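A short write-up of the structure that comes next.
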Amino acid sequence: MKIPVINTPDFLTLADITREEMESLFELSAKLKRGVQKGKFPALLKNRTLAMIFEKNSTRTRVSFETGMIQLGGHALFLSSSEIQLGRGETVADTARVLSRYNDGIMIRTFAHSKVEELAKWAEIPVINGLSDSFHPCQALADYFTIWERESDISKVKLAYIGDGNNVSNSLLIGAALLGVDIAIASPKGFEPEMAVVEKAYKMASKTSSHITITNDINKAVDGADYLYTDVWVSMGQEKETAKKKKVFAKYKITDELIARTGRNTKVLHCLPAHRGEEITDSVMDGSHSIVFDQAENRMHCQKAVMCALMGR
Ligand code: CP
Ligand code: NVA
């Protein structure tokens, strides 16, 4: 099986890879997915190990990395920060150097993105960002793969994201700019994606003709959208803001009426976990437009491709 060459030691944001590299990861993800469907599991990472540090909860990321690693002939270690010495004050730099002596890769889910960067700076092995407060590149990679496998030309797609300008929308923006996807993000005033990320995306988009719209107007965002996307109003670590956000975000939700307003046979994405009844209704989650469980499955296929590219060298 041909393993894509990606010219980055780590996978911290989607800006670490090129459009061609992203498409080659999609090709490998598709092959690995077909393999799983046929019961074939090429041992591309035999005897390799991935240390997974979690400072926040997870279902999909933890299980898809761990299962993916086993399918590739390797092994993943679940390291909860409350149980390892990092949680008692051992430095990120020391942790990085120690884990590098035992393992072939590190995946980290944490708060500040600077911690992911610090880990990558000191690690002698590839570091994968499994979600920080600013980015969720593994998620966006799987999201665009989920669209790519349904489309003959992904650059003709319009994606509309309704909700918080958070880690997920930041990564979707970078991914859209890379792939030439048109993206519209509708968030309440004061909750738009980070300006630095928007500027970076605009710069990248000038090379791919991706059209980027940042707005507070949901109707403007969804007009003509082929795919609608949403995420929770309150991300992990923002729990204190729950009451305020529930009021501000009340209208920023995907409903059957909103799907009808796109004027298309729109598909609906959500990174999950969903807060049913808040950013998405039960009827949409469980309805015919929803592709959220295909999307969740694709996390594993895409992360297997990333691990092969980074750790199979
Ligand atoms: N989408 C996602 O990253 O899910 P988990 O928080 O369950 O890992
Ligand atoms: N924005 C969400 C994504 C969860 C996968 C969070 O950070 O909690």
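Along the sequence shown, the residues carry numbers beginning at 1. Only a predicted model underlies this, so the values are computations on that prediction, with no experimental measurement involved.
Between the side chain of T213 and the backbone N or O of A184, no donor-acceptor pair lies under 3.5 Å. A distance-only check finds a donor-acceptor pair linking the side chain of T230 to the backbone of I162 [under 3.5 Å]. In this structure, Q37 contributes its side chain and G35 its backbone to no donor-acceptor pair below 3.5 Å. Distance alone, capped at 3.5 Å, is enough to place a donor-acceptor pair between the E21 side chain and the T18 backbone. Listed for the S171 side chain is no donor-acceptor partner under 3.5 Å among the backbone atoms of V168. Side-chain atoms of T262 come within 3.5 Å of backbone N or O of I259 as a donor-acceptor pair. Judged by distance alone, the side chain of Q71 and the main-chain N or O of V36 form no donor-acceptor pair under 3.5 Å. Panel note: side chain S100, backbone E124; a donor-acceptor pair is recorded below 3.5 Å. A donor-acceptor distance shorter than 3.5 angstrom exists from the side chain of D16 to the backbone of L12, with no hydrogens or angles considered.
Going from atom CD1 of I125 over to atom CZ of R97 covers 13.5 Å, rounded to the nearest 0.5 Å. Note that OH of Y144 and CD1 of I154 are 7.5 Å apart. Values are rounded to the nearest 0.5 Å. To the nearest 0.5 Å, the span separating CG on D133 from CZ on F111 amounts to 7.0 Å. Note that OG of S29 is 10.0 Å distant from CE of M22, once rounded to the nearest 0.5 Å. If you take OG on S24 and CZ on R19, they are separated by 12.5 Å, rounding to the nearest 0.5 Å. A distance of 8.0 Å separates OG in S283 from CD in E257, rounded to the nearest 0.5 Å.
Residues V248 and L258 share a hydrophobic cluster, clusters being chains of Ile/Leu/Val/Met/Phe/Trp/Tyr side chains in contact below 4.5 Å. Under the 4.5 Å side-chain heavy-atom criterion for Ile, Leu, Val, Met, Phe, Trp and Tyr, L228 and I291 are members of distinct hydrophobic clusters. Note: the hydrophobic cluster containing L179 also contains V198 (ILVMFWY, side chain heavy atoms under 4.5 Å, direct or indirect links). There is no path of hydrophobic side-chain contacts, each under 4.5 Å, that joins L131 to V63. Each of V127 and I17 belongs to its own hydrophobic cluster when Ile, Leu, Val, Met, Phe, Trp and Tyr are linked at side-chain heavy-atom distances under 4.5 angstrom.
Under the 3.5 Å distance criterion, with hydrogens and angles disregarded, a donor-acceptor pair is assigned to the side chains of N166 and D231. A donor atom on one side chain and an acceptor atom on the other are found under 3.5 Å apart for T110 and E55. With 3.5 Å as the limit, one finds a donor-acceptor pair spanning the side chains of D94 and T91. Remark: the S155 side chain and the D153 side chain contain an N/O donor-acceptor pair separated by less than 3.5 Å. Defined by atom type and a distance below 3.5 Å, a donor-acceptor pair is present between the side-chain atoms of R88 and Q85. No donor-acceptor contact under 3.5 angstrom links the side chains of H75 and E66, judged on distance only. Side-chain contact, H275 with E279: no donor N or O sits under 3.5 Å from an acceptor N or O. A side-chain N or O of S82 and one of S80 form a donor-acceptor pair less than 3.5 Å apart. Judged purely by distance below 3.5 Å, without hydrogens or angles, the side chains of E192 and N216 pair a donor atom with an acceptor atom.
M307 places a side-chain heavy atom less than 4.5 Å from the side chain of F65. No side-chain heavy atom of V197 sits under 4.5 Å from any side-chain heavy atom of S134. Side-chain contact between C302 and L141 is present, with at least one heavy-atom pair separated by less than 4.5 Å. Side-chain contact between R109 and C138 is absent, with no heavy-atom pair separated by less than 4.5 Å. R60 places a side-chain heavy atom less than 4.5 Å from the side chain of L272. No side-chain heavy atom of Y161 sits under 4.5 Å from any side-chain heavy atom of L173. Side-chain atoms of I280 and K253, non-hydrogen and from C-beta on, never get closer than 4.5 Å to each other. No side-chain heavy atom of T61 sits under 4.5 Å from any side-chain heavy atom of Q139.
Ring centroid separation for the pair F191 and F249 comes in under the 6.0 Å cut-off.
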Under the salt bridge (Lys or Arg N to Asp or Glu O under 4.0 Å) criterion, do D294 and R150 qualify, and how do the steps go?
CA-CA 11 Å; D294 287 348; R150 285 172 168 74; 2.6 Å; yes
Set out, in order, the CA-CA distance, both residues' side-chain angles and the distance that settles side chain to side chain contact (heavy atoms under 4.5 Å, CB included) for L172 and I183, then state yes or no. CA-CA 8 Å; L172 288 172; I183 187 166; 4.0 Å; yes
**OP:** Might you work through the side chain to side chain contact (heavy atoms under 4.5 Å, CB included) test for N103 and L77, ending with a clear yes or no?
**Re:** CA-CA 9 Å; N103 299 289; L77 297 91; 3.5 Å; yes
Next on the checklist: I'd like to know whether I84 forms a side chain to side chain contact (heavy atoms under 4.5 Å, CB included) with I53, so could you lay out the CA-CA distance, the side-chain angles of the two residues, the decisive distance to 0.1 Å, and finally the verdict.
Outcome noted: CA-CA 9 Å; I84 59 172; I53 302 172; 4.3 Å; yes
What verdict does the side chain to side chain donor-acceptor pair (under 3.5 Å) test give for Q303 and S64, after you've listed the backbone C-alpha separation in whole Å, the side-chain angles of each residue and the deciding distance to 0.1 Å? CA-CA 8 Å; Q303 287 158 198; S64 57; 2.9 Å; yes
Set out, in order, the CA-CA distance, both residues' side-chain angles and the distance that settles side chain to side chain contact (heavy atoms under 4.5 Å, CB included) for M69 and M311, then state yes or no.
CA-CA 11 Å; M69 206 45 194; M311 296 161 58; 3.7 Å; yes
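Taking the charged nitrogens against the carboxylate oxygens, K158 and D226 have no contact shorter than 4.0 Å, which rules out a salt bridge. Salt bridge E278/K246: present, at least one basic N to carboxylate O contact under 4.0 Å. The existence of a salt bridge linking R276 and D286 is confirmed by a sub-4.0 Å separation between a basic side-chain nitrogen and an acidic carboxylate oxygen. Under the 4.0 Å criterion applied to side-chain N and carboxylate O atoms, E149 and K33 are assigned as salt-bridge partners.
For the residue pair I174 and A15, the shortest heavy atom distance occurs at CG2-N, 3.6 Å. The two residues T266 and A225 have their closest heavy-atom pair at OG1-O, 3.0 Å. Closest approach of D182 to H211, counting heavy atoms only: OD1-N, 2.8 Å. Closest heavy-atom contact between S132 and N129: N-OD1, 3.3 Å. Residue P137 comes nearest to F135 through the heavy atom pair CD-C, 3.6 Å, listed as atom of the first residue, atom of the second, then distance. Contact detail for A96 and I106: the closest heavy-atom pair is O-CD1, 4.3 Å.
Counting only residues at least two apart or on different chains, the ring pair (Phe, Tyr, Trp, His ring centres under 6.0 Å) pairs with a member in residues 76-105 are F54-F78.
Scanning for ring-ring contact (aromatic ring centres under 6.0 Å, His included) contacts around W148 gives F26, F145, with sequence neighbours left out.
Heavy-atom neighbours of M1 CE from other residues, nucleotides or ligands within 6.0 Å: above the threshold of 12. More than 12 heavy atoms of other residues, nucleotides or ligands sit less than 6.0 Å from atom NZ of K31.
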